[in-house]
Amino acid sequence: MSLELKGITKKFGSLIANDSINLKVAKGEIHAILGENGAGKSTLMNVVYGLTQADSGSIWVDGSEVKISEPSDALNFGIGMVHQHFMLVPVFTVAENIVLGHEVSKRGILSLAEARMKIEQIAAEFKFEVNPDELIENLPVGVQQRVEIIRALMYDAKVLILDEPTAVLTPQETNELLNIMRTLKSKGTSIIFITHKLREVKEVADQITIIRLGKVVGSAKPNASEEELANLMVGRPVDLTPNVAKSKMGEITLKISNLSVSNQTGRTIVNNISLEVKAGEILAIAGVQGNGQSELVRAIMNLEENITGSIQLLGEELVGKSVHQTIHSGVAYIPESRELDGLVGTFSIAENLVLDTHGLAPFSRAGQLSASKISDTATKLKTEFDIRAQSIYDTANSLSGGNKQKVVLARELSRQVRLVVACQPTRGLDVGSIEFVHERLLVERNSGRAVLLMSTELDEVAALADRIAVIYRGEILGIVDANVSREKLGLMMAGIR
Amino acid sequence: MSNLTAQQLRQVRGLITMGVITIFAFYAFYFNSDKTESITFGFIVGNEWVLLKEWVVASKTGAGIFLICSMFGLLIGYLEFKAKRTLTFSSLIFGFGFVMSFLCWAASGKFIPFTGLLQGSLMLSIPLIFGSMSGLLCEKSGVINIAIEGQLLAAAFVSGIVASLTQNSIWGLVAAPFAGALISLLLAIFAIKYAVDQVIIGFVINVLVIGFTGFIYSELLVEYEEKWNSGPSFSSIEIPLLSKIPIIGPVLFNQTIIVYLMYVIVIVIQIALFKSKWGLRTRAVGEMPVAADSVGINVNRLRFFNVMLAGFVAGIGGAYFTIGSVGSFTKQMTAGAGFIALAGLIFGKWSPRGAVIAALFFGFADNLQSTLTIIGLAIPSEFMLMVPYVATIIAVSGVVGRVRAPAADGIPYSRGNK
């Protein structure tokens, strides 16, 4: 089946997410759509899948125009989608999730037998195992993704959209996914592969379309070089390998000993971890999302409830302190979600910049905030960190992702800190902002601060870290040097020592 | 101890608490008891087959026997804990033993109409069961229903008036579900279409219904009682053979049509929710509406349907207050049953079966209180009035452990744009 998009335009208010996009996907083709975060890839796919309506433009299937206003329409035309955030009900079994929306009933009672059979049949065809009666929440993400693929195939998808499918996978799982994609292709399924990872595109795609700021800016064949693709994607020359000179390491700044963290239901999430981060070093915690790295970092900030073990900052015990005390004993914290934990969206940039210090002199005198001191500091930081905004009184919500992150960085790094804890500091940012954040973290390291970087992006870890600690199921599987091979790192992230 | 999960720790605490209560009860009801008289349990209320007419037992002996029963419950609890199962069965046995031994101690020298006690408990549970089914239908699909009280009251009001005007209780029963659904319509429009905070809209609806029915009651129903508020009520239907079974026969099978409807509704909901296409979709919409939407299920239409259905079910329950028992309407006659039903729903962990058990428990606690007050115990009646609610608080907070509401409960769904 072939799919063609003609002149798709979609606006959100004044923002043009898709600007008359044309796209042609041939039968049995793997068509990669490459673009940065926010380029409009997901919006385009939501239009194709019927989750949003285009303002203008048309969709053609096998040469005839179709109207897709609901996901069910897309399914009827043979368009299936594997979403970036899986559309699976966690408390349902695999089979229940797969039949949902396409149930077969016998005398009013739901029948899952047929679905179970088909699931096993498809799984066998692609040589992987899925137990139809397992609950989704008990499955690793890689398997959950396969459940989504099986579902699309059971609905007879002839065109399969994969939206950033490798974001949550280990390198090994990614390879397996690429193999599955090849098998699908050989059976005549067309695949739209949305990603911002050049390596994968080059490996598997037949045709590449590059989108920037809502527009198609070019197309390429997979034999194009990574630099060419990156330049098209970003719109200017990019250096893909930031120059990381070795740094001089100093004394041990952060010393974590036998740290365990359990969640509210009593399950152990972080299991007996010991780590050291020296001054002038970036230690990266690498691992696939959900292996306890978030909890580990939150424990350092005393944001977790059930912590045992010890966390020492230059010999001073942090466990048991309040978050306020932790921050002011010299820890900068760049949280995983800047929108949720890093900023108060409805506050101004100036207010956000003093969230941590507004209660102290000179910002506060006798319980009253000093507007002039706050605005002076904000103006200074706005220039220093290149925060692009009309005024320091704009709300944080009005900023782009990159500028929001700059506000967080400006606030956290302008304090007297010894340790910088950065979690996914570049998630969802454009390449320009990523470069800024990376440079800034290197500056911190070179000025003798200790940096603990938690990241699930292998590229980021490789670019910045001096040492890499791989976390798997709440345990540190090993600490390796930064020049370790990607394959070795990938295996470790999958739990293989 | 340290390698136990939170769930197991809670079970251990529960078992220890039960053990302590048993020891205390042995001391108070047996060793240190000065009750010398006998207690009589009556088992006959109508013309069922006689297995045992009554049972006379000395206070101390009775208390001892039932406490041994409690200990047996503890033993089963230990086995359930070892087998990593929930402590449902053991809690029931323990509770039964404890309550009975308490009765043996407290009511020495008195007559306890045992079958009547159960009968009354069921009667008090009926509106609670209907109410919690209404809450269940809404919340399983992701809409919080605080307006159960309003649904019950409105249906009681309308069915009472209709039955009075037509002098036919059947018409009252026909009208009641529509009254409940009308209240549901308000909830559905505001909560689903306009995405108003569901707790607030539910609460406002309750206040509205209480005010409106109260006003009409004093202006119309009191003034012209003859015409507007003197409806007939259903009489019980004896089911042949089944109603003759000793003890449970007269309790379960000599009831009005509303109660028989309830049996059917509960069974249908329990099966449909977990075994039908509708049930699967309902649960999906309550857990993760975005996933349901992505496979072509119209989330808000299904929620709307379920909320309306909930109104119908609560409506039948509301009719029980008027045409199911006394016939006439009185101001605020539901007296918080809707809220207790809501507690029952949580106590029952959002499952139909659990909610029924919870409702029966609340009904029993309530009826035990009035029975003991009537036979005249030395315990102040105010204290006894408190018991069902204290039991509710303890049950909801501790005994059932951690409960998980449907993940999308109370969150309006929209696709972001469109």
Side-chain angles (χ1 to χ4, degrees), chain A residues 10-13 17 43 46-47 49-53 55 69-76 80-83 85-93 95-112 136-137 148 151-152 154-155 163 262-268 306 308, chain B residues 1-13 140-142 267-302 349-351 401-409 413-418:
Chain A
K10 173 74 190 174
K11 294 184 188 140
F12 295 107
T43 307
N46 284 341
V47 168
Y49 195 63
L51 285 167
T52 354
Q53 305 296 296
D55 298 327
S69 45
E70 288 286 332
S72 51
D73 299 339
L75 294 169
N76 289 338
M81 184 157 173
V82 173
H83 301 263
H85 305 287
F86 302 144
M87 296 295 176
L88 299 170
V89 182
V91 293
F92 280 15
T93 64
E96 283 175 331
N97 266 293
I98 282 178
V99 299
L100 185 64
H102 294 69
E103 300 86 348
V104 180
S105 292
K106 281 181 188 145
R107 278 184 242 104
I109 298 294
L110 199 64
S111 165
L112 293 175
I136 290 294
E137 60 185 0
E148 286 233 320
R151 173 161 69 182
M154 276 185 62
Y155 297 166
D163 188 2
S262 54
N263 67 4
Q264 285 169 326
T265 60
R267 221 180 91 214
T268 305
N306 307 309
T308 57
Chain B
M1 284 296 278
S2 58
N3 50 9
L4 294 177
T5 66
Q7 166 75 21
Q8 287 170 319
L9 270 178
R10 194 159 36 232
Q11 291 190 338
V12 170
R13 275 201 294 264
K140 272 287 176 188
S141 66
I267 291 168
V268 168
I269 291 180
Q270 171 78 37
I271 293 172
L273 195 58
F274 296 103
K275 298 267 187 246
S276 80
K277 171 178 160 180
W278 166 81
L280 188 75
R281 291 185 169 201
T282 294
R283 287 182 290 133
V285 158
E287 288 288 342
M288 200 175 169
V290 64
D293 191 13
S294 80
V295 291
I297 295 169
N298 189 326
V299 172
N300 285 336
R301 192 165 58 194
L302 183 58
K349 300 190 179 187
W350 282 272
S351 88
R402 211 175 170 77
V403 290
R404 186 156 79 168
D409 202 5
Y413 181 72
S414 71
R415 238 178 232 170
N417 52 342
K418 198 186 166 174

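Letters A, B, ... mirror the listed sequences (proteins, then strands); counts begin at 1.
Side chains of B:Lys277 and A:Leu110 form a contact here, defined as non-hydrogen atoms less than 4.5 Å apart. Counting heavy atoms from C-beta outward, B:Met288 and A:Pro90 have side chains that approach closer than 4.5 Å. You'll find the side chain of B:Val295 reaches within 4.5 Å of the side chain of A:Arg151, heavy atoms only.
In this structure, the portion of B:Ile297 lying under 4.5 Å from any heavy atom of chain A is its side chain and not its backbone. Of the two parts of A:Leu88, only the backbone, made up of N, CA, C and O, holds a non-hydrogen atom closer than 4.5 Å to a non-hydrogen atom of chain B.
Taking CD of A:Glu103 as the reference point, atom CH2 of B:Trp278 lies at 13.0 Å (rounded to 0.5 Å).
Between chain B and the residues A:Asn76, A:Val89, A:Asp73, the most heavy-atom pairs under 4.5 angstrom are made by A:Val89.
Minimum heavy-atom separation, B:Gly296 to A:Ser72: CA-CB, 3.9 Å. Here the closest non-hydrogen pair linking A:Pro71 and B:Ser294 is CB-O, 3.5 Å. Taking each heavy atom of B:Asp293 and A:Leu51 in turn, the nearest pair found is OD2-CD2, 4.3 Å.
Here the side chain of B:Arg281 pairs no donor or acceptor atom with the backbone of A:Leu100 at under 3.5 angstrom.
Applying the ring-ring contact (aromatic ring centres under 6.0 Å, His included) criterion to A:Tyr155, with sequence neighbours excluded, gives A:His102. Taking the ring-ring contact (aromatic ring centres under 6.0 Å, His included) definition, one finds that A:Phe86 meets it with nothing, sequence neighbours left out.
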